[in-house]
Amino acid sequence: MINAADTAWVIVATILVMIMTPTLAFFYGGLVRKKNMLSVLMQCMVILAVISIQWILFGYSLAFGPDHGGIIGSLKYAFLNGVGLDPIEGQTIPAQLFVCFQMMFAVITPALMVGAFVERIKFSGFLLFVVLWSTLIYDPMCHMVWGKGGWLFDKGALDFAGGTVIHITAGISALVASMMIGKRSGNGMSSSPHNLPFAVLGAAFLWMGWFGFNAGSALGVGKQTVSAFINTNTAAAAALIAWMALDWFINKIPTVLGVITGVVAGLVAITPAAGFVTPMASIAIGAGGSIIGFIFVTCIKPKFGYDDSLDVFGVHGMAGVWGALATGIFAVKEVGGTDGLLRGNWHQMWVQAEGVLVAIALSVVGTFIIFKICDLLIGMRVDMRDENIGLDLTQHHEAGYTLID
Amino acid sequence: MINAADTAWVIVATILVMIMTPTLAFFYGGLVRKKNMLSVLMQCMVILAVISIQWILFGYSLAFGPDHGGIIGSLKYAFLNGVGLDPIEGQTIPAQLFVCFQMMFAVITPALMVGAFVERIKFSGFLLFVVLWSTLIYDPMCHMVWGKGGWLFDKGALDFAGGTVIHITAGISALVASMMIGKRSGNGMSSSPHNLPFAVLGAAFLWMGWFGFNAGSALGVGKQTVSAFINTNTAAAAALIAWMALDWFINKIPTVLGVITGVVAGLVAITPAAGFVTPMASIAIGAGGSIIGFIFVTCIKPKFGYDDSLDVFGVHGMAGVWGALATGIFAVKEVGGTDGLLRGNWHQMWVQAEGVLVAIALSVVGTFIIFKICDLLIGMRVDMRDENIGLDLTQHHEAGYTLID
Amino acid sequence: MINAADTAWVIVATILVMIMTPTLAFFYGGLVRKKNMLSVLMQCMVILAVISIQWILFGYSLAFGPDHGGIIGSLKYAFLNGVGLDPIEGQTIPAQLFVCFQMMFAVITPALMVGAFVERIKFSGFLLFVVLWSTLIYDPMCHMVWGKGGWLFDKGALDFAGGTVIHITAGISALVASMMIGKRSGNGMSSSPHNLPFAVLGAAFLWMGWFGFNAGSALGVGKQTVSAFINTNTAAAAALIAWMALDWFINKIPTVLGVITGVVAGLVAITPAAGFVTPMASIAIGAGGSIIGFIFVTCIKPKFGYDDSLDVFGVHGMAGVWGALATGIFAVKEVGGTDGLLRGNWHQMWVQAEGVLVAIALSVVGTFIIFKICDLLIGMRVDMRDENIGLDLTQHHEAGYTLID
Amino acid sequence: MKYIIAVIRPHKLEEVKKSLEANGVNLMTVVDVLGCGRQKGITEVYRGVKEVDNLLRKIKLEIAVNDEYLDAAIDAIMKAAPEGDVGDGKIFVFDMAQCIRIRTGEKGNEAIG
Amino acid sequence: MKYIIAVIRPHKLEEVKKSLEANGVNLMTVVDVLGCGRQKGITEVYRGVKEVDNLLRKIKLEIAVNDEYLDAAIDAIMKAAPEGDVGDGKIFVFDMAQCIRIRTGEKGNEAIG
Amino acid sequence: MKYIIAVIRPHKLEEVKKSLEANGVNLMTVVDVLGCGRQKGITEVYRGVKEVDNLLRKIKLEIAVNDEYLDAAIDAIMKAAPEGDVGDGKIFVFDMAQCIRIRTGEKGNEAIG
Ligand SMILES: Nc1ncnc2c1ncn2[C@@H]1O[C@H](COP(=O)(O)OP(=O)(O)O)[C@@H](O)[C@H]1O
Ligand SMILES: Nc1ncnc2c1ncn2[C@@H]1O[C@H](COP(=O)(O)OP(=O)(O)O)[C@@H](O)[C@H]1O
Ligand SMILES: Nc1ncnc2c1ncn2[C@@H]1O[C@H](COP(=O)(O)OP(=O)(O)O)[C@@H](O)[C@H]1O
């Protein structure tokens, strides 16, 4: 039976997750150089549209259709065939609403990767890459963890709102893609954000949208919804403070870019745990996300020198790994039905680690292959001249801002 | 009886529609020249306030008050007299909430027209124009289609969330107004957008708000709500892709301004159909909206040379006409209770066409008269010197941005 | 018992209030000079995080914990000890959700004060100030008015959504702080807003968020929720029009900064009254807020010459006082259960005035002491050189925008 | 070789450019500037605080020309730039000691055009 | 006729303008620039990456004056612009070959003021 | 004393600055400008309306040098700025009548460095 309150809340949550992709675009866009602003916005908006359509045509069916070997769904629900307005068994919202909610997750995952290859990617190559990546990596990964019959699902992996499925997958793939596409030329790597206020705007609305992301994952209104809600906010806040403190101690100054990066790292970390832990544990999880993120962004990246331009790997990938493991550590039965390591359940830790490893393996191999294919077929990188002029003018024949008018 | 879940959702939907007017301001504002940015924001914010008050004073009563000849409501509910917190018959939400939800529709309709006469309209003339237009065109139109006793309502015209009432009316009126006020002087017509990111921000939040617009029009939470929701998103996505494809084939490059224009055209097109069609039909309706919009914006407008500056006519008016007719084509009983042309119901098409024609006729005649009156009483266009300096400085004595500080 | 619809709505309302703090940052940030933009954003984002944590650690307990002498709560609920997911007596939402909703109020109150000392405050001093202020002024004030056993609560002071607790407290404290920190140096006081569109963006989203603020304060979905909703919108609209009219008559021109300032003044004024008055009374209350605000901003401030940079005192403090008193004037039993002065209930006026006086007294004395302490311990004002260069570069080593790139 | 600096009204840029092109002057550098002159700015009002800001948006053109093009360039500007009101702007002319085209290393008159 | 280019600190603009006006110099053109000089910029830090950006915001004033006003103009700037720290800026003076007021076509000394 | 105005491609700024520093020229003023030259702009398309905008983003450097540094400065720019394509920019050189350091009041050659 459809429950009206559950449905109302999941509609709202879907809207909140939907707006995350455009606001992610502003978070990323504010950090690139002026001449590449539009290309970032374009990529995110196009993902929102293309994956929305991919999802109802076949993506949803691949992810949530009848299971094939624990790995992928069948095409039975392609074109939303047979997916109507009555609830799926065990749910209380119309099936098409579940489709929409999950759609927005499928949308934002590739959008997260945009941060890895900004300022140098060719739009046409990017487009093919996104469609293939979503179909061949996201959809199976989603099926394995959340789909009925998915093998990680069956093992009992905890991933409340997509730490593994979304952030680890996107973060690792971003690292691979950033290494394959190569560094930005010239002084690209040391350029300053062209419009930090836009990045703050994006981060603030990401924080807002994340309430839908996490609390919406309860797929209804109840106690777990509220747990996920308070944990989300607490982790974000703790992470902001943690990153600010690190910045202050290590770089001698608290920075705006630091605090908004921390917020995102904290939100990533709490994502898989949101419905399973207590608010006090969220402080640790959020702060931990910032610490991990900080280390990867300010130490590991410069050491290895890959140009993961906006730190998708550090902030989503690694804080995501932390979150997935932390879920196994801090989970308590009273909140989400399962106990974690701190309550002596070592097994859960192992299940969590397994999920992480699968996500990493699939992302590395899959992204490598898909990227290579796209590079051969279309080309993934613009030429030097276009990179110098900027992607806005060369890929879209538009300028973000007028200088005089 | 008041239903709490329905009420909660309609409150949220009202909020979503409310924020559309300011975000429309950013969508439009980003596209004008820097020196006119504030004037656009001002016009939209002022409409939000003025029509909010007009509506509770007498607008609501004209639209939804006891019928007078199928054309207009009486003043019985003026000052919300007798409009309390119990639901209207057949509804499940407090009557004052219905007032608020409808108020936001009344607000955004004239705001849509702002795009037609930007960069040259006199603020005082504009203000009078908006109040008269809303009272003499919007309120009757609203009554005819949605009011109890309205003659189009009685005929069975389908207009789920206001394709005819809102977009056709605004779009046609915009064309008339843009021709009457005349072209921008100098190189106004070929100027570039001063801040495309703002326009993208606006478009993204319009997409978000439109969920409230369409799914909220179910006035409660149920299956039709979810239908309207998924159709809205699907049409927007399909329209984005369609416009991008047209841009790519015809202008050789996919543009950001193109995709956001497409999104709006698709959302307009699905508006009347949202609660009556299937998701697959939404793909056609959305893409169709883009195609129609594209033709009018890039072919018809240059050919005729009117300065409908931000393409309100092409994107709202004509995509609105398409949507109204498409509703008659694609409607299926299972979703919204009525079959359309594809199911053999030719009659519905005729009813739809009638609604369109009435909206066009009323808009053309009404706008012509109202514009003339305002022009005579106050003047609708600033003088050349003020237009050159820009409306921000001359109409509001403010500058949008500092050059140095 | 938990009510699902109530819970869904309060979740949404909490999200709406949450986003008010970042959008307030844009409202304020757009009005300062370019070189101080980030510092404003930073302060607001940091407050959001720090008070979120303070609140769950002990702030909530101080405000809503078991009463101590009518003045403050005990630490019984520190670390959310014993604050679970079952509803508090008399409520229908999980207790932790009530914590979150109230948290966002605790967050925005000090954030409002930011406008008083922008462009010259030292970040470290600011941080200590905010934590102390929130703990020593906000938490007790909140307890006295809203906490069980709070003495103003027991007296029957009406403060629907925090006019006294939030706006008067913040506004008066802002005045005190602005006088203690001193005027901006050089031509700081006569500088123009660096990005008015950002301020409009902020104001629009504040308007949106305020629906959560006021209608959410019903803590559920019902008739009073809708009353609060329609009153909020009506007051904002009336206030916008009133400020515009004053601008037009007195300064000869309607300005954008004027209308958005009016919106905020109107929203402040309706805050305590939202659930107690009729829509028609809201017009008076909103317009009254603008009139009071206008007088303080354009007459009193220049006369006395304090540098309350963004008019927190005039717009929040004084419009807040008006709102608190207006609640006592316009309240009607049918809406919120209590009659006001116009219905002959003189007593209510007196109770309201008492609340106002307590808020003023506590704010003046408390802020004075806390400011002095922070100034001695850390210092509250940057030196002249840093003020000239701007807080972004000197306090955060970042620039908001690149000039070339 | 001469270097012309011309301050004009922003909305005249298009016309001035066309007029220059018509006279054979195609190369120039354009700068967004604020002008402080006889033309009074519009008094901006922010929350009732009036700011008589006499800095107005102007466009500055910088044009290097060979001596024989100087008059043509000036004529072109004088034809297209004025509105007849205070604030039309000014033309300043300088002797230029050297001009080099970076791409080719050409110098002097060769390099200008 | 002389053309003065002065680079000053942004927050000194108001004072310098007043000082110039006091000395009878009312006309000028103002440009937003970045200065690269002895003054060290503040090291910006973005996600731990330190950028020793020695480009600092400055304001450039361009002032055409008749010869007899040159000293008055320079004095005015020298009085109002310095803070005494590195980064106060510089004044550059050029001979100007011609000056034309676009509105009237006046030339030379007439046109400057 | 000479005053160099160099128009270069925006992404070359870093390199040119380094090259100038290597040749002992550390002081300069940088301006964001639009260039109108032989280089054709990219045709911008807004809703199908093509705008052949031949205004391109450029960076203008202004460098005051003592005569003996002139060649070093020009060499430095010539080394770092060209890409070999149309649009590399130009260097313009002027005689400068006077230079004053605002902070100290130093004049002439002293003041430049
Ligand atoms: N002596 C000057 N030095 C530098 N710039 C000047 C000078 N005189 C005028 N200008 C520039 O020309 C613009 C127009 O001058 P203005 O005096 O307002 O009008 P008009 O030239 O028509 O009398 C000014 O805004 C300023 O930018
Ligand atoms: N030789 C020069 N050429 C061009 N601009 C210069 C030159 N020297 C200084 N400037 C400008 O003047 C500004 C201040 O110079 P700086 O060396 O920092 O301080 P100071 O003049 O007090 O020694 C610089 O930022 C730059 O914009
Ligand atoms: N005569 C000139 N006067 C002023 N600026 C010029 C002149 N010639 C070139 N420029 C500037 O130099 C830039 C590059 O010139 P361009 O003709 O495009 O390339 P190239 O110098 O390689 O032939 C132009 O965009 C313009 O800013």
> Which answer fits B/Ser124, side chain, backbone, both or neither, if we ask what part of it has an atom under 4.5 Å from a heavy atom of chain C?
Replying inline: both
> At a heavy-atom separation under 4.5 Å, does B/Met45 approach chain C through its side chain, its backbone, both, or neither?
Replying inline: both
> Considering only heavy atoms, which portion of B/Leu97 lies under 4.5 Å from any heavy atom of chain C: side chain, backbone, both, or neither?
Replying inline: both
>> Heavy-atom cut-off 4.5 Å, strictly under: side chain, backbone, both or neither for C/Ile253 against chain B?
In response: side chain
> Is B/Met380 close to B/Phe117 at the side-chain level, that is, under 4.5 Å between some pair of heavy atoms?
Replying inline: no
> Under a 4.5 Å heavy-atom cut-off, does chain C meet the side chain of B/Val46, its backbone, both or neither?
Replying inline: both
>> Pair B/Asp392, B/Met37 - check side chain to side chain contact (heavy atoms under 4.5 Å, CB included), show working.
In response: CA-CA 7 Å; B/Asp392 295 0; B/Met37 174 63 173; 4.1 Å; yes
> So which part of B/Phe26 gets closer than 4.5 Å to some heavy atom of chain C, the side chain, the backbone, both or neither?
Replying inline: side chain
> Of all of B/Leu41, B/Thr7, B/Ile19, which one pairs up most often with chain C through heavy atoms under 4.5 Å apart?
Replying inline: B/Ile19
> Based on non-hydrogen pairs under 4.5 Å, which of B/Met42, B/His397, B/Glu398 is most in contact with chain C?
Replying inline: B/Glu398
>> Between C/Arg120 and C/Ser185, is the side-chain hydrogen bond (donor to acceptor under 3.5 Å, both in side chains) condition met? List the steps.
In response: CA-CA 9 Å; C/Arg120 57 203 189 281; C/Ser185 72; over 6 Å; no
> What part of B/Ile2 gets closer than 4.5 Å to chain C, counting heavy atoms only: side chain, backbone, both or neither?
Replying inline: side chain
>> At a 4.5 Å cut-off on heavy atoms, which part of C/Ile283 comes close to chain B: side chain, backbone, both, or neither?
In response: side chain
> Do C/Phe101 and C/Ser217 have side-chain heavy atoms sitting under 4.5 Å apart?
Replying inline: yes
>> Only pairs of heavy atoms separated by less than 4.5 Å count here; which of B/Leu16, B/Ile11, B/Val10 has the most with chain C?
In response: B/Ile11
> Hey, does C/Trp243 have a side-chain heavy atom less than 4.5 Å from the side chain of C/Val264?
Replying inline: no
>> Counting only non-hydrogen atoms closer than 4.5 Å, does C/Pro197 touch chain B with its backbone (N, CA, C, O), its side chain (CB onward), both, or neither?
In response: both
>> Within residues 51-64 of chain B, which residues come under 4.5 Å of chain C, heavy atom to heavy atom?
In response: B/Ser52, B/Ile53, B/Ile56, B/Leu57
> When you look at C/Thr255 and C/Asn251, which way does the side chain to side chain contact (heavy atoms under 4.5 Å, CB included) test go after all the steps?
Replying inline: CA-CA 9 Å; C/Thr255 64; C/Asn251 297 319; over 6 Å; no
> In terms of heavy-atom proximity below 4.5 Å to chain C, should B/Leu127 be classed as side chain, backbone, both, or neither?
Replying inline: side chain
> Is any side-chain heavy atom of B/Thr92 closer than 4.5 Å to a side-chain heavy atom of B/Leu219?
Replying inline: no
> B/Tyr138 and B/Phe105: ring-ring contact (aromatic ring centres under 6.0 Å, His included), yes or no, with the steps?
Replying inline: CA-CA 10 Å; B/Tyr138 182 79; B/Phe105 283 62; 8.5 Å; no
>> Give me each pair satisfying salt bridge (charged side-chain N to carboxylate O under 4.0 Å, His left out) with a member in residues 213-235 of chain C, each pair once, sequence neighbours excluded.
In response: B/Asp86-C/Lys223
> Given the side-chain rings of C/Phe198 and B/Phe198, with only the six-membered ring counted for Trp, is the space between their centroids under 6.0 Å?
Replying inline: yes
> Under a 4.5 Å heavy-atom cut-off, does chain B meet the side chain of C/Val12, its backbone, both or neither?
Replying inline: side chain
> With respect to chain C, which residue among B/Ala399, B/Pro94, B/Gly400 yields the maximal number of heavy-atom pairs within a distance under 4.5 Å?
Replying inline: B/Gly400
>> Which atoms of C/Ala236 are under 4.5 Å from chain B, going by heavy atoms: the side chain, the backbone, both sets, or neither?
In response: neither
>> Applying salt bridge (charged side-chain N to carboxylate O under 4.0 Å, His left out), can you list everything that pairs with C/Asp311, at least two apart in sequence or on another chain?
In response: C/Lys301, D/Arg47
>> Check for me whether the distance between the ring centres of B/His396 and B/Phe123 falls short of 6.0 Å.
In response: yes
>> Which atoms of C/Thr278 are under 4.5 Å from chain B, going by heavy atoms: the side chain, the backbone, both sets, or neither?
In response: neither
>> Does this structure show an ion pair linking C/Glu119 with C/Arg184, if we count only N-O contacts that are shorter than 4.0 Å?
In response: yes
For residues 200-211 of chain C, tabulate all N or O donor-acceptor pairs below 3.5 Å that involve a side-chain atom, not counting sequence neighbours.
from: C/Trp207; atom 1: NE1; to: C/Asn233; atom 2: OD1; distance (Å): 3.1
from: C/Trp210; atom 1: NE1; to: C/Thr271; atom 2: OG1; distance (Å): 2.9

